[in-house]
Amino acid sequence: MSMGGLSQARFDRLHAVMAGYVERGDVPGVVTLISRHGEVHVDTIGLKALGDSAPIQRDTIFRIGSMTKPITAAATMLLVEECKLRLDDPVDRFLPELANRTVLKRIDGPLEDTVPAIRAITVRDLLTLRLGLGIILAPSGSYPIQQAVNKQRIVGFGPPNVSAPHTPDEWLRRLATLPLMYQPGEKWMYNTGSAVLGVLIARASGQSLETFLRERLFAPLGMKDTGFSVPATKLDRLVSCYQRNPTTGALDFHDGGAESHWRHPPLFPDAGAGLVSTIDDYWAFGQMLLHKGKHGKQRILSRPAVEVMTTNQLTLEQQKSAGVVLGDNRGWGFGMSIVIQRDDVAAVPGRFGWEGSYGTSWASDPTEDMVAILLTQRLVFPQPTAIDRDFRTTAYHAIDD
């Protein structure tokens, strides 16, 4: 039987390592996928919910968190290829709320202490997370700008209609009341740029964000279970989500079941972290990028579009200042990270992908012709977890050619 240059014995070791996390109670269940040279291998371990007997399955639906960002970037590039958007054009044409920005003189300063922005925010700034707004990795509320962000309820990173309970237009209006934290293009700051892209895509395409994604990406790729909510007919396939109790170490229930927050479409479809998906749906997307924009005989994106998406766009200084989110060996392209140098078993230069805050991760590796996806449901941020690191190590350990 063809294994795509992968060893069955080493696959068994990967299974054993992943099963250990389930047996120790670190996660209720896990689904993994490794494909190489077109050969796909999926493994399912554990349960969909603690205290339940239903096993996790290949078609189980997961909240993929920030693995939404690469999909949003691909959707943006579809509009760039049609010249409805241009990478270095100001976003003011479609997002007039973001025209004539002011910028804080210092990140911890009062909101009124600002200077004019030296230039407009561009589409490229949003794709590379350099628009000048983002998450500050300091205790929440430490700075006046953090307090203002919290007051406006625009952060996302939570259940739909809870963390950002606004329509897209209202969300952007609230965002526009804030000064920028840094000058456009100056600094990499996580998350916000992708959420803004969702509003931009909808306005530039003349469709809702979900409609555009479904017609232009999900349907062509066969991603039938990917969206911003889970319909009633599929709710029994949605995995429950947990978070580690900092005091007891136990897994506390976060979301799931018939009362899941994901059972209704959100007011604000979060293009940074809002999608749900399955392992086969996301593999179709990751494989399309690995194949330079092609899905079977159909071309979704041009090869040059995929190449610019998967090329590091950050300066060395911006890369270093990204801190624990990117670590020491990853840059950022459009909506995803890029491995810079070979300093670990799985760190192949040019490997691209990203993780999600609900315990999911994806990587496509052009050098090895390989896609690796891990889906669990335990809240994590901002660093990759031990299970993610061990998955990648054992996935590359399975290479046997």
Side-chain angles (χ1 to χ4, degrees), residues 68-105 107 111 114-135 145 148-149 152 154 156 164 166-209 212-213 216 268-272 301-302 304-305 308-309 311-315 317-318 321 332-336:
T68 302
K69 289 177 171 64
I71 292 174
T72 298
T76 305
M77 293 306 292
L78 288 171
L79 294 171
V80 168
E81 290 196 316
E82 295 172 358
C83 296
K84 292 180 179 177
L85 295 173
R86 298 183 184 90
L87 289 177
D88 294 310
D89 275 4
V91 299
D92 303 3
R93 175 186 170 195
F94 294 106
L95 308 178
E97 297 94 330
L98 297 183
N100 303 315
R101 295 287 81 201
T102 60
V103 183
L104 290 174
K105 287 184 179 178
I107 191 65
L111 299 185
T114 63
V115 296
I118 57 175
R119 65 167 175 80
I121 297 168
T122 65
V123 176
R124 187 188 301 272
D125 292 330
L126 301 181
L127 286 163
T128 59
L129 302 185
R130 293 183 294 190
L131 79 158
L133 277 174
I135 291 175
I145 186 63
V149 168
Q152 294 292 354
I154 54 175
H166 321 294
T167 64
D169 288 349
E170 174 62 12
W171 182 88
L172 189 65
R173 186 197 68 78
R174 287 170 176 251
L175 184 79
T177 66
L178 305 173
L180 299 182
M181 301 170 184
Y182 294 93
Q183 290 285 350
E186 179 184 358
K187 187 177 177 67
W188 188 88
M189 298 194 75
Y190 193 52
N191 195 59
T192 306
S194 294
V196 176
L197 279 173
V199 185
L200 178 65
I201 290 167
R203 292 187 183 179
S205 68
Q207 299 177 293
S208 72
L209 175 62
F212 183 82
L213 292 178
R216 300 297 303 277
F268 177 67
D270 183 0
L301 283 166
S302 70
V308 71
M309 287 176 65
T311 298
N312 179 34
Q313 304 290 319
L314 304 186
T315 66
E317 182 179 352
Q318 289 168 342
S321 68
W332 190 260
F334 290 171
M336 66 195 77

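All values reported here derive from a predicted model rather than from experimental measurement.
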For this session: Test R173 against T177 for side chain to side chain contact (heavy atoms under 4.5 Å, CB included), laying out the working first.
Result: CA-CA 7 Å; R173 186 197 68 78; T177 66; 4.3 Å; yes
For this session: Go through the steps for L79 and L200 under the test side chain to side chain contact (heavy atoms under 4.5 Å, CB included), then give the verdict.
Result: CA-CA 10 Å; L79 294 171; L200 178 65; over 6 Å; no
Problem set entry | Verdict with reasoning, E97 to R203, per salt bridge (Lys or Arg N to Asp or Glu O under 4.0 Å) | CA-CA 13 Å; E97 297 94 330; R203 292 187 183 179; 2.9 Å; yes
Exercise. Can you list the steps and then say if V115 with K105 is a side chain to side chain contact (heavy atoms under 4.5 Å, CB included)?
Worked result: CA-CA 6 Å; V115 296; K105 287 184 179 178; 3.7 Å; yes
For this session: Kindly indicate, with the supporting measurements, whether the criterion side chain to side chain contact (heavy atoms under 4.5 Å, CB included) is fulfilled by F334 and L87.
Result: CA-CA 11 Å; F334 290 171; L87 289 177; 4.0 Å; yes
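A donor-acceptor distance shorter than 3.5 angstrom exists from the side chain of N312 to the backbone of W332, with no hydrogens or angles considered. At least one donor-acceptor pair under 3.5 Å links the side chain of H166 to the backbone N or O of Q152. Side-chain N or O atoms of T72 include one that pairs as donor or acceptor with a backbone N or O of A271 at under 3.5 Å. No donor-acceptor pair closer than 3.5 Å links the side chain of R101 to the backbone N or O of R119. Of the possible donor and acceptor atoms, none in the side chain of E81 sits under 3.5 Å from a partner among the backbone N and O of A305.
Listed here is the closest heavy atom pair of A75 and I201: CB-CD1, 3.9 Å. Across every non-hydrogen atom of L314 and T128, the tightest pair is CD2-O, 4.3 Å. Between K84 and R93, the shortest heavy-atom contact is O-NH1, 4.0 Å. The two residues L209 and P269 have their closest heavy-atom pair at CD2-O, 3.7 Å. Taking every heavy atom of both residues into account, P179 and L133 meet most closely at O-CD2, 3.6 Å. Taking both residues in full, the closest heavy atoms of L178 and A148 are given as CD2-CB, 3.6 Å, listed atom of the first, atom of the second, then distance.
In this view, E317 satisfies the salt bridge (Lys or Arg N to Asp or Glu O under 4.0 Å) rule with no residue, not counting sequence neighbours.
The number of heavy-atom neighbours closer than 6.0 Å to CG of D88, taken from other residues, nucleotides and ligands shown, is above 12.
For K69 and Y190, the positive end sits near the middle of the six-membered ring, less than 6.0 Å away and at most 45° from its axis.
Relative orientation of the F268 and W171 rings is parallel, given thresholds of 30° and 60° on the angle between their planes.
Of the listed residues (R130, E186, Q313), just one forms a side chain to side chain donor-acceptor pair (under 3.5 Å) with Q318, and that residue is R130.
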